[in-house]
Novice: 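Can you keep this structure in mind? I'll have questions shortly.
The sequence lines fix the lettering, A, B, ..., with proteins before strands; numbering per chain opens at 1. Keep in mind that the numbers below use all heavy atoms, side chains included, and drop hydrogens, waters and symmetry copies.
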Amino acid sequence: MPIENELKQQLLEAIRKAGFEAGPDAVEIAESRQKGHGDLTCNAAFAIARAARMSPKAAAEKIAGFLPSDPGRIEKIEVAGNGFINFTLGPATLAGAVTEILRLGTAYGRNDSGAGRKTQVEFVSANPTGPLTIGHGRQAVIGDVVSRLLEANGHAVTREYYFNNAGRQMRVLGESVRLRYLEALGKGGDFPEDHYQGEYIRDIAAAARDEKGDGFGAPENLPYFQQLAENAIFADIRKTLERLGIRFDVYYNERSLYDTGKIDAVIAELRKRGLAYDSEGAVWFRATQAGLDQDRVIVKSTGEPTYRLPDMAYHKDKYDRGFELIVDIFGADHIATYPDVMAGLTAMGYDPSRVKVLIHQFVTLTEGKEKVKMSTRKANFVTLDELMDEVGPDVTRYFFINRSMSSHLNFDLTLAKTQSDENPVYYVQYAHARISSILRKAKEEGIDEAEAPDLSLLTEPAEKDLARVLMSYPRVVAEAGRNFEPHKLPTYLEEAATVYHHFQHAGKQDENLRVVSKKNVPAAQARLALCRATRTVLANGLGLLGISAPESM
RNA sequence: GCCCCAGUAGCUCAGAGGAUAGAGCAGCGGUUUCCUAAACCGUUGGCCGCAGGUUCAACUCCUGCCUGGGGUACCA
């Protein structure tokens, strides 16, 4: 049983024995934030004292008096401040944690709270109109790490990319290529401003010329240009994602919703329920019925649906495919799209609580002091590939996942290029590499890692600090997964790396604290076990981020 | 107008009812015959946007305001 749960039981019992009343929720065990306040802390006395009309400190002392004493498990119990009960973990607890990490290896930190729930994470979902930008990059990494986190928490995850290759955007794309093709032949006219300006359009046009020769520029050949562009761009997108370490299980084409009648089915369903009506030549969704501020067009007077209708059909299909948890990851610019969609789904009888929408804020790109505006159509964007050319996939991933998704992400390109060596990702990776080096060194020196090292020898402050931090990893994974907060992982890993660097540094200052030493082999073996446990945690954590854990740097 | 997100150190950001608010970078000063100095130590730097409220306790919750970003389409 985790030590927190054990303490909670003991506290509840002590509270009862002390003559206070408290339900099971009255006791919360938290990690102490500051040194000198023990390792774990409980503030239950504050609430209890109020009901019992006594000082929190007196209540805490009374409760503490009924706590069992087991110095191996809990070295110290003290009432501090106004009434906190602080616990200092004992050597047996720390040793047990290290043993557990070594036993579980790559499984350490994983749990089965998700119970195999069929879960879908939809992200990126960029239409194939151009290369992925840095904005897509943030979403791609968030989606992938959320997926990995959910898997670590026992979900069965399907990663899905939804795209539309049949809309207006794509026609403009095809037309852009056709015009560039004509231009390359010297037959070009004005290139409209609202068409795709990027250089990649010229590349595709050149490919068209190679394939079809010079006489293929007629407007009726638009489908050819569109298809060619789609193929070329999608191939690039997949390559970029692959490079980032992301692979989708399903690419879902919006067009299939039309082909299989799922679009019409939604209209019919809404009409049946009185939630769709005709007006001004368009079909409207009665969103006001669901409490939204205005009704919305779902089929334009031109006969083309707006994005809402296929989105509803697509989400209906997600439910119908049996997903129990549906995670949608959107950029802040799509924030308005899902209330209508959810209203429609709810109206059709689907449980909206199964959908979790994660909105991430924008990435602002700055070069020096200059703000760079990103727009695929205008083509003055920095692509995800260009970013990876500069800093590599590991830094790219770390950078995008390092901050909470509700915060705007300010990316200073200059800084990323010139100071990439100071990125914290290297700090974490270096800790892993250093441990690997120590393990190699020990082997060279002929010090074997013991099967059952005497971990009670780990009594130095730096050693105990390290063991304590390693213990909290599973809780970080569980919380980050439960709350969809992937950025908690890098925060934790930086802390773990810091504590490890301290530990290793201690051996630099005091020879008796060195890991690889033949003077005291049992101590060396205990420390090697601690090193290996740390490496396991770092490797597991980096694995969840999709970042490499190098053996040497 | 209305809705969403943010405002914390010079910069970029963590922290989200508790006990002295943290990290990286930048600045200043140190540590290497020694398991990787991509490390470590010291130090400078804060009306936690403003004003009220709730609470034994507020940077954290509530209300209002200010500033910045994003929405509010028969674009997606």
Novice: Indicate whether any N or O donor in one side chain lies under 3.5 Å from an N or O acceptor in the other, for A:Tyr307 and A:Asn164.
Specialist: no
Novice: Return the value, rounded to whole Å, for the distance between atom CG of A:Asn402 and atom C1' of B:G15.
Specialist: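 In whole Å, B:G15 C1' and A:Asn402 CG are 14 Å from each other.
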Novice: I'd like to know if A:Arg308 and A:Asp311 make a salt bridge, using a cut-off of under 4.0 Å between side-chain N and carboxylate O.
Specialist: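 Looking at A:Asp311 together with A:Arg308, the answer is no, because their closest N to O distance does not fall below 4.0 Å.
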Novice: In this structure, how many angstroms lie between the C1' atom of B:A23 and the OH atom of A:Tyr427, rounded?
Specialist: 10 Å
Novice: What's the closest nucleotide to the A:Thr41 side chain, out of B:G18, B:A37, B:A19?
Specialist: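 Looking only at side-chain atoms, A:Thr41 lies closest to B:A19.
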Novice: Given Watson-Crick or G-U pairs with both distances under 3.5 Å, what dot-bracket string fits RNA chain B, with | for other-strand pairs and [ ] for crossing?
Specialist: ((((((((.[[[[.)..(...]]]].(((((.......))))).....[[[[[..)....]]]]])))))))....
Novice: Nearest whole angstrom, please: distance from the P of B:A38 to the OH of A:Tyr426.
Specialist: 13 Å
Novice: Within residues 488-508 of chain A, find the residues that approach RNA chain B with a heavy atom at under 4.0 Å, and present them sorted by residue number.
Specialist: A:Lys488, A:Thr491, A:His501, A:His502, A:Gln504, A:His505, A:Gly507, A:Lys508
Novice: Hey, which sits more toward the 5' end of RNA chain B by its nearest nucleotide, A:Asn86 or A:Ala431?
Specialist: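 Its nearest nucleotide lies further toward 5', so the answer is A:Asn86.
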Novice: From CG of A:Leu409 over to P of B:A14, roughly how many Å is that when rounded to an integer?
Specialist: 9 Å
Novice: Using a cut-off of less than 4.0 Å, is there contact between a side-chain N or O of A:His487 and OP1 or OP2 of B:G15?
Specialist: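 Checking A:His487 against B:G15: at least one side-chain N or O falls below 4.0 Å of OP1 or OP2.
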Novice: Applying a 4.0 Å non-hydrogen cut-off, can you work out what A:Asn43 is touching in the nucleic acid: base, sugar-phosphate, or nothing?
Specialist: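 Counting heavy atoms under 4.0 Å across all strands, the contact made by A:Asn43 includes a base.
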Novice: Between P on B:A19 and CD on A:Glu31, what's the gap in Å once rounded to a whole number?
Specialist: 15 Å
Novice: Regarding A:Lys318 and A:Glu160, does a basic nitrogen lie under 4.0 Å from an acidic carboxylate oxygen?
Specialist: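 Salt bridge flag = no for A:Glu160 with A:Lys318.
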Novice: Under 4.0 Å between a Lys/Arg side-chain N and an Asp/Glu carboxylate O for A:Lys35 and A:Asp465?
Specialist: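 A salt bridge links A:Lys35 with A:Asp465.
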Novice: Looking for any heavy atom pair under 4.0 Å, which part of the strands does A:Ser517 touch: base, sugar-phosphate only, or nothing?
Specialist: nothing
Novice: Which atom pairs, one a donor and one an acceptor, fall under 3.5 Å between side chains of residues 486-494 of chain A and the rest of the protein, sequence neighbours left out?
Specialist:
| from | atom 1 | to | atom 2 | distance (Å) |
| --- | --- | --- | --- | --- |
| A:Thr491 | OG1 | A:His487 | O | 3.1 |
| A:Tyr492 | OH | A:Val469 | O | 2.7 |
| A:Glu494 | OE2 | A:Tyr398 | OH | 2.4 |

Novice: Taking B:U60 as the reference, what is the distance to B:A9 when you measure between their P atoms (whole Å, please)?
Specialist: 15 Å
Novice: Less than 6.0 Å separating the ring centroids of A:Tyr427 and A:His501?
Specialist: yes
Novice: Quick one: what's the B/S/- string for nucleotides 71-76 of chain B, heavy-atom cutoff under 4.0 Å, read 5' to 3'?
Specialist: SSSBSB
Novice: Specify the separation, in whole Å, of atom CD1 of A:Ile359 and atom P of B:C4.
Specialist: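 Checked: the CD1 to P distance equals 12 Å.
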Novice: Which residue lies toward the 5' end of RNA chain B, A:Ser32 or A:Arg434, if each is placed at its nearest nucleotide?
Specialist: A:Ser32
Novice: Would you call A:Glu511 and A:Lys519 a salt bridge, using N to O less than 4.0 angstrom?
Specialist: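 The answer is yes: the pair qualifies as a salt bridge.
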Novice: Distances under 3.5 Å between protein N/O atoms and the N/O atoms of nucleotides 6-8 of chain B, please, pair by pair.
Specialist:
none

Novice: Compute the centroid of each ring, for A:Phe234 and then for A:Tyr161, and state whether the two points are separated by less than 6.0 Å.
Specialist: yes
Novice: For residues A:Ser404 and A:Glu485, is any side-chain donor paired with an opposing acceptor at under 3.5 Å?
Specialist: no
Novice: Would you mind reading off the distance between A:Asn410 atom CG and B:G69 atom C1', rounded to a whole angstrom?
Specialist: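 One finds 12 Å between C1' of B:G69 and CG of A:Asn410, rounded.
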Novice: In whole angstrom, give the distance that lies between atom CD of A:Glu449 and atom P of B:C35.
Specialist: 19 Å
Novice: Going through the distances and angles, do A:Asn410 and A:Thr364 end up as a side-chain hydrogen bond (donor to acceptor under 3.5 Å, both in side chains)?
Specialist: CA-CA 5 Å; A:Asn410 193 321; A:Thr364 309; 5.6 Å; no
Novice: Apply side-chain hydrogen bond (donor to acceptor under 3.5 Å, both in side chains) to residues A:His360 and A:Gln139 and explain how you reach the verdict.
Specialist: CA-CA 7 Å; A:His360 66 86; A:Gln139 180 163 145; 2.9 Å; yes
Novice: Might you list the N or O atoms of the protein lying below 3.5 Å from N or O atoms in nucleotides 54-58 of chain B, with each pair's distance?
Specialist:
| from | atom 1 | to | atom 2 | distance (Å) |
| --- | --- | --- | --- | --- |
| B:C56 | OP1 | A:Arg50 | NE | 2.8 |
| B:C56 | OP1 | A:Arg50 | NH1 | 3.3 |
| B:C56 | OP1 | A:Arg50 | NH2 | 2.2 |

